[in-house]
Asker: 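Handing you a structure now.
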Amino acid sequence: MCTNIVYEWLKALKLPQYAESFVDNGYDDLEVCKQIGDPDLDAIGVLAPVHRRRILEAVRRLREQDGTHGDSRGHTTAPRSRELVSYPKLKLKIMIRDKLVRDGIHLSKPPYSRKVPMAGILEYLMNWPKSSQNR
């Protein structure tokens, strides 16, 4: 596993064994980790109560560093003065591409793509009632 900020954060918490599971579940950045609550820890596989408390306390400290707060379910809510986060188009494209690669999704390969040209799809849809009657 390559070293990243989440691995270093978990290592500082003495919980590096969860690093791969965090990344596999999309928690590959501390900004994303600020969103972690109990349901997220279930999905990540952090079951030990001591580990859960340690992580949730660290998440609380991360939120305090930038002024975000947790709601009653343990999820992050931004202060009213902060609106949606916007990313530059290129950064967003890179983030999406990297996430697809990590998840093993190849949009250029089936089932995400079809070899049928668009005109073929339109022709099929235009004749759809006729083609469904032939079955």
Side-chain angles (χ1 to χ4, degrees):
M1 161 174 237
C2 66
T3 303
N4 72 18
I5 190 72
V6 174
Y7 173 76
E8 293 299 326
W9 179 64
L10 289 167
K11 188 174 163 186
L13 296 175
K14 309 265 192 269
L15 299 170
Q17 67 269 31
Y18 296 111
E20 188 172 348
S21 187
F22 265 66
V23 171
D24 289 347
N25 283 280
Y27 298 94
D28 55 356
D29 184 280
L30 289 182
E31 286 301 313
V32 178
C33 288
K34 290 177 187 179
Q35 314 263 336
I36 292 175
D38 280 316
D40 305 297
L41 293 177
D42 292 337
I44 293 168
V46 180
L47 304 177
V50 171
H51 295 174
R52 292 171 75 92
R53 280 193 300 273
R54 196 180 308 166
I55 291 169
L56 291 173
E57 177 61 26
V59 167
R60 186 189 59 76
R61 287 192 305 268
L62 285 174
R63 291 175 185 159
E64 287 176 353
Q65 288 175 355
D66 76 346
T68 57
H69 307 287
D71 67 15
S72 60
R73 297 175 315 233
H75 288 94
T76 300
T77 56
R80 297 251 183 240
S81 63
R82 291 177 63 174
E83 293 298 320
L84 295 174
V85 175
S86 71
Y87 292 100
K89 190 175 183 178
L90 181 59
K91 181 175 181 174
L92 187 58
K93 284 175 128 178
I94 292 168
M95 290 169 56
I96 292 169
R97 182 204 62 207
D98 291 348
K99 177 68 173 147
L100 290 171
V101 168
R102 278 194 310 275
D103 291 349
I105 297 172
H106 304 283
L107 296 178
S108 61
K109 296 181 181 176
Y112 306 106
S113 66
R114 296 195 182 268
K115 293 183 179 179
V116 178
M118 194 61 172
I121 292 172
L122 291 175
E123 184 178 312
Y124 171 78
L125 291 175
M126 290 172 58
N127 294 318
W128 179 72
K130 295 175 190 173
S131 63
S132 64
Q133 291 173 357
N134 294 337
R135 290 183 186 175

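Starting from 1, each residue takes its place in the sequence as its number. The shown structure was predicted, so the numbers you read here are calculated from the model rather than taken from an experiment.
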Asker: Atom CG of Leu10 and atom OG of Ser21: how far apart are they, to the nearest 0.5 Å?
Answerer: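 The distance works out to 10.0 Å.
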Asker: Cluster question for you: counting only ILVMFWY and a side-chain heavy-atom cut-off of under 4.5 Å, with indirect links fine, are Ile105 and Ile96 together?
Answerer: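 Same hydrophobic cluster.
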Asker: Would Trp9 and Val59 count as a side chain to side chain contact (heavy atoms under 4.5 Å, CB included) if you check the C-alpha gap in whole Å, the side-chain angles of each, and the deciding distance to 0.1 Å?
Answerer: CA-CA 10 Å; Trp9 179 64; Val59 167; 3.9 Å; yes
Asker: Closer than 3.5 angstrom, by distance alone: can the side chain of Arg102 be matched with the main-chain N or O of Asp24 as a donor-acceptor pair?
Answerer: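 It does not hold such a pair.
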Asker: Working to the nearest 0.5 Å, report the span between CD of Glu20 and CG of Asn25.
Answerer: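 With rounding to 0.5 Å, CD (Glu20) is 10.5 Å from CG (Asn25).
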Asker: Quick one: closest heavy-atom pair of Val6 and Leu30, and the distance?
Answerer: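 Looking at all heavy atoms of both residues, the shortest contact is CG2-N, 4.2 Å.
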Asker: Apart from Leu90 itself, what residues make up its hydrophobic cluster when side-chain heavy atoms of I, L, V, M, F, W and Y under 4.5 Å apart count as a link, directly or indirectly?
Answerer: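 Besides Leu90, the hydrophobic cluster comprises Ile94, listed by chain and residue number.
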Asker: Heavy atoms, side chains only, cut-off 4.5 Å: are Tyr7 and Val23 in contact?
Answerer: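 The answer is no; the side chains never approach within 4.5 Å.
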Asker: Which residue pairs pass the side-chain hydrogen bond (donor to acceptor under 3.5 Å, both in side chains) test when at least one of the two sits in residues 41-52, sequence neighbours left out?
Answerer: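 Sorted result for residues 41-52: Tyr18-His51, Asp38-Arg52, Asp42-Arg52.
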Asker: Could you list who else is in Leu47's hydrophobic cluster, with ILVMFWY side chains joined at under 4.5 Å, directly or through other members?
Answerer: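 Members other than Leu47 - counting any ILVMFWY side chain reachable under 4.5 Å - there are none.
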Asker: Is Phe22 close to Asp28 at the side-chain level, that is, under 4.5 Å between some pair of heavy atoms?
Answerer: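 No, their side chains stay 4.5 Å or more apart.
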Asker: Please examine the side chains of Leu41 and Leu56, heavy atoms only from C-beta on, and report whether any two atoms are closer than 4.5 Å.
Answerer: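 Yes, side chains in contact.
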Asker: Backbone N or O of Gly37 within a donor-acceptor pair of the Asp40 side chain at under 3.5 Å?
Answerer: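 At least one qualifying donor-acceptor pair exists.
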Asker: Identify, with sequence neighbours excluded, every residue that meets side-chain hydrogen bond (donor to acceptor under 3.5 Å, both in side chains) alongside Lys11.
Answerer: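 Counting only residues at least two positions away or on another chain, Lys11 forms no side-chain hydrogen bond (donor to acceptor under 3.5 Å, both in side chains).
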Asker: With side chain to side chain contact (heavy atoms under 4.5 Å, CB included) as the test, would you mind laying out the steps for Glu31 and Leu62 before giving the verdict?
Answerer: CA-CA 9 Å; Glu31 286 301 313; Leu62 285 174; over 6 Å; no
Asker: Which residues pass the side-chain hydrogen bond (donor to acceptor under 3.5 Å, both in side chains) test with Glu57, not counting sequence neighbours?
Answerer: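 For Glu57, the residues satisfying side-chain hydrogen bond (donor to acceptor under 3.5 Å, both in side chains) (neighbours in sequence not counted) are Arg60.
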Asker: Taking all non-hydrogen atoms of both residues into account, name the closest pair between Arg63 and Gln35 and its distance.
Answerer: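 For Arg63 and Gln35, the tightest heavy-atom pair comes out as NH2-C, 4.1 Å.
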